[in-house]
Amino acid sequence: MQDILNQYVTVTEDAVKEWFRVGETTDFPENSGACIKYKSKQIAVYNFSRTGKWYATQNLCPHKMEMVLSLGMIGDKDDIPKVACPMHKKNFSLEDGRNLAGEDLKIATYPVKIEEGNVYIGF
Ligand code: FES
C-alpha cells in the first residue's frame, strides 16, 4: 500500500519538469473535481470557479487508500481552500495538501496553469 502512496509527491511550480495538458477549461465542472490520469497516477483536478482558482492533488485519499478525492466537496475553512473526502469527510488543504484537523495525513499537490483555454498540470 505504501508503494501506491509513494507515487504521489508534491510538485512546486518552480520544480515542474513537464506541463501536461489535461483538457479544456470547459471540460471541467465548476466548483467541483474531476479525475484525470497521468502515467500510472490518478490526479484530481478542481475548478474552483467561485474563486477563479484551479488546484490539482492526488486522487488517493491517504486515510483508507481510496481513489475518491475528485468526488469530494470543495470549499474553504478559515479561508483555506479545501477538499473533503467523500468517504469520511477528512479535509485537506488544496494549497499544500495538509490535513486541516492536524492529523498525520497529507496529500500531494500539483501546480495548474491555464493557457488559451487549456488546462495544464505540472509534474
Ligand atoms: S477514505 Fe478519505 S476520509 Fe476516509
Side-chain angles (χ1 to χ4, degrees):
M1 216 147 46
Q2 199 59 34
D3 288 355
I4 306 178
L5 205 51
N6 289 343
Q7 288 186 53
Y8 297 98
V9 179
T10 289
V11 177
T12 55
E13 191 140 357
D14 48 3
V16 169
K17 294 196 180 76
E18 176 189 6
W19 286 102
F20 181 71
R21 182 184 175 278
V22 294
E24 297 180 7
T25 52
T26 50
D27 294 334
F28 293 86
E30 295 196 357
N31 296 306
S32 181
C35 183
I36 63 100
K37 212 152 177 232
Y38 173 73
K39 298 183 178 167
S40 59
K41 299 184 198 352
Q42 286 189 28
I43 304 294
V45 183
Y46 308 94
N47 174 6
F48 210 148
S49 53
R50 187 159 62 79
T51 59
K53 298 225 171 109
W54 290 74
Y55 301 95
T57 70
Q58 66 187 49
N59 193 32
L60 180 73
C61 179
H63 178 226
K64 295 285 184 196
M65 300 295 185
E66 301 278 357
M67 291 287 188
V68 290
L69 290 179
S70 62
L71 303 173
M73 288 269 289
I74 59 173
D76 63 81
K77 185 181 182 205
D78 303 332
D79 287 335
I80 300 168
K82 55 113 179 172
V83 60
C85 176
M87 302 294 283
H88 312 99
K89 310 285 183 271
K90 292 192 184 288
N91 287 306
F92 298 94
S93 162
L94 292 174
E95 286 176 340
D96 62 12
R98 74 181 191 279
N99 176 270
L100 292 178
E103 291 177 70
D104 190 19
L105 295 169
K106 195 173 192 314
I107 58 173
T109 58
Y110 303 86
V112 181
K113 73 174 180 183
I114 308 297
E115 263 179 23
E116 295 173 0
N118 293 299
V119 183
Y120 297 85
I121 298 179
F123 291 102

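These numbers come from the heavy atoms of this one structure, side chains and all, not from hydrogens, waters or symmetry mates. Whatever order the structure lists ligands and atoms in, that order sets their numbers, starting from 1. Along the sequence shown, the residues carry numbers beginning at 1.
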Engineer: Regarding K53 and the six-membered ring of F48, is the cationic atom NZ or CZ under 6.0 Å from the ring centre and inside 45° of its axis?
Structural biologist: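 No, K53 does not lie over the aromatic ring of F48.
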Engineer: Could you check whether Y120 and F20 have their ring centres less than 6.0 Å apart?
Structural biologist: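 No; Y120 has its ring centre 6.0 Å or more from that of F20.
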Engineer: Given salt bridge (Lys or Arg N to Asp or Glu O under 4.0 Å), test R50 with D76 step by step and report yes or no.
Structural biologist: CA-CA 11 Å; R50 187 159 62 79; D76 63 81; 3.5 Å; yes
Engineer: Each residue besides M87 in its hydrophobic cluster should be listed here, by chain and number; the cluster joins Ile, Leu, Val, Met, Phe, Trp and Tyr at side-chain heavy-atom distances under 4.5 Å.
Structural biologist: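 Under the 4.5 Å side-chain rule, M87 groups with V68.
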Engineer: Checking V119 against F28 for the side chain to side chain contact (heavy atoms under 4.5 Å, CB included) test, could you report, in this order, the C-alpha distance in whole Å, the side-chain angles of both residues, the deciding distance, and whether it holds?
Structural biologist: CA-CA 9 Å; V119 183; F28 293 86; 3.9 Å; yes
Engineer: Which atoms of the protein, restricted to N, O or S, are nearer than 2.8 Å to atom 4 (Fe) of ligand 1?
Structural biologist: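 Counting only protein N, O or S atoms under 2.8 Å from atom 4 (Fe) of ligand 1, the list reads H63 ND1, H88 ND1.
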Engineer: Main chain of T26, side chain of E24: is a donor-acceptor contact present, judged purely on distance under 3.5 Å?
Structural biologist: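 Between the backbone of T26 and the side chain of E24 there is no qualifying donor-acceptor contact (under 3.5 Å).
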